[in-house]
Amino acid sequence: MVRKEDEEGPADRVPHLPWMRHPVDIDAFPGCPVAQLPRLDPRLAAAVQRMGIESFFPVQEAAWVETIGPGAFERDVCINSPTGSGKTLAYALPIVQMLSTRKVRCLRALVVLPTRDLALQVKEVFDAIAPVVGLSVGSAVGQSSIADEVSNLVRKPKQELYPTIDEEYVKMEPLTKVDILVATPGRLMDHINMTNGFSLEHLQYLVIDETDRMLREAYQSWLPTVIELTHSIGQDHSWHDTDGKTLLHPLTTIRRSGVERGFKGKCYPRLSKIVLSATLTQDPSKLSQLELHHPLLLNSGKKRYRIPTKLESYKLICKSNLKPLSLIVLLQELQGHKCLVFTSSVESSHRLSTLLEFFEDLPFKFSEYSRLQRESTRRKTLEAFKEGEIDVLIGTDRMARGIHIDGLRYVINYDMPPYVKTYIHRAGRTARAGESGSCFTFLRKHEVKTFDKMLKKADNASCSLHSVPEESIETLRPVFSSALKKLEESLESEAAKKSNSGDKIPSGSKRKRTNQK
Ligand SMILES: Nc1ncnc2c1ncn2[C@@H]1O[C@H](COP(=O)(O)OP(=O)(O)OP(=O)(O)O)[C@@H](O)[C@H]1O
């Protein structure tokens, strides 16, 4: 059963949680040239400029102002800002700057994301800035074997180097090889449960990106586990000198003292959290799982959701049986630009891409992208799409979250998105970082009203009607009937092969599905 995305409610509903009612307005920050961001470490400024960034976006300036300087990270930070607005650097930069003065290497920042592709994308951003201030970044995403990952993350204890040292010290010697870890929940839990020396003991920053999606899934209780493990920090971090006086262990991470109820006078480190999304939930019961400390909301736009300013939305009304033909005609129109096509299910994606294969001489290269495919196939497909070797990628909402593809101009909702949040994340693959882009949604007549109502929940969501020429559709009709017949035969033969081999992966998905121009 499809789980309801989240509470959506009316667009202008006043949030239940008082701290959500008066957010910091991200739009009040104009953005700022890199060289003018106050207190930015010059090494980081240079690294950011090497990334091709001249000016910081509003969300990056707002997050910086709220996290760096006096009172830095006093409060946990929640960021609700549109897709493609630059949220990754908005948290990466303050964290790297704050850790740039650390003396001992141990795991201090953990960033958790829902998928491997997304985690690797975020790691690239940290990789571009962290090494210049001597910080090391690791990943726990299941891209390599667990053994390889373990050897990249932790080292064996070097007790032989400390023959005379107190056993307590050896116990506290951090074994983690990285300062910052970007992880998916599954692999994170593997390391928490099984990797000797992997410890969250010194964690200072926890980032939860795509928060609403992360909160929808329990992922082996990763969140309560992380929170529990970081709660216990500092329970017994006291050391005693020869006179029995209490000292703090030199490796103890002190974040704050005395700011929280129950913490007064004690040097318990507090874990600072940053949570982000383009569609941040307002549901108190969901947010309570995060155990936020005096949360501060940074919000963009007046309504709960916001569509990027340079995104144009279009709807195409057509009959179900003509949808494939209308899609082909639209793709012909958009030819020459990268395009993502979203369907409602993996089966629907597979059906559609198989059908398109039976239309010869299509002037664009397309490929299926589905969780039923092997990981390696999917990775290659995504690479080919990024490199421009494939023009059109057909897939499901798996492609909708966070993924950034340079030069992606068009998104097509072949099936209507069920929720405004789904629309925002799908459409948000284009019109990123201030670029223009368009999103087309195919609708049946009876869906139009629901769709229009849904879009009203977002700022900047006007949607024009678009139509494709009837005569172009007519020219495709003769091929269509034979293509449909071949499709049914192909699917039947796949089903037969599958039941013979007990194979879960449709054979069609294993084939190289890229057609020729
Ligand atoms: N200040 C900047 N100037 C120019 N480009 C930038 C800047 N900051 C980020 N970018 C680029 O903008 C793109 C989108 O950034 P990012 O992926 O962080 O967006 P996002 O807000 O996290 O989007 P989503 O909600 O979809 O995950 C990236 O390609 C990034 O390199």
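Please read all numbers here as calculations on a predicted model, not as lab measurements. When a ligand or atom number is given, it counts from 1 through the structure's own listing order.
Ring-centre distance between Phe451 and Tyr423: below the 6.0 Å cut-off. The six-membered or imidazole ring of Tyr205 lies near that of Phe73, with a centre-to-centre distance under 6.0 Å.
In terms of the side-chain contact (heavy atoms from CB on, under 4.5 Å) criterion, residue partners of Arg378 (sequence neighbours excluded) are, by chain and number, Tyr369, Arg371, Gln373, Glu375, Arg398. Every side-chain contact (heavy atoms from CB on, under 4.5 Å) that Ala90 has, sequence neighbours left out, goes to Val59, Gln60, Ala63.
The immediate protein surroundings of ligand 1, defined as residues with any heavy atom under 4.0 Å of it, consist of Ile53, Ser55, Phe56, Phe57, Gln60, Pro82, Thr83, Gly84, Ser85, Gly86, Lys87, Thr88, Glu210, Gly402, His404, Arg429, Arg432, Ala433.
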Mind running side-chain hydrogen bond (donor to acceptor under 3.5 Å, both in side chains) on Tyr305 and Asn80 for me, showing each step along the way?
-> CA-CA 8 Å; Tyr305 309 121; Asn80 186 43; over 6 Å; no
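Each salt bridge (charged side-chain N to carboxylate O under 4.0 Å, His left out) pair with one or both residues in residues 406-416, not counting sequence neighbours, appears once here: Lys323-Asp415.
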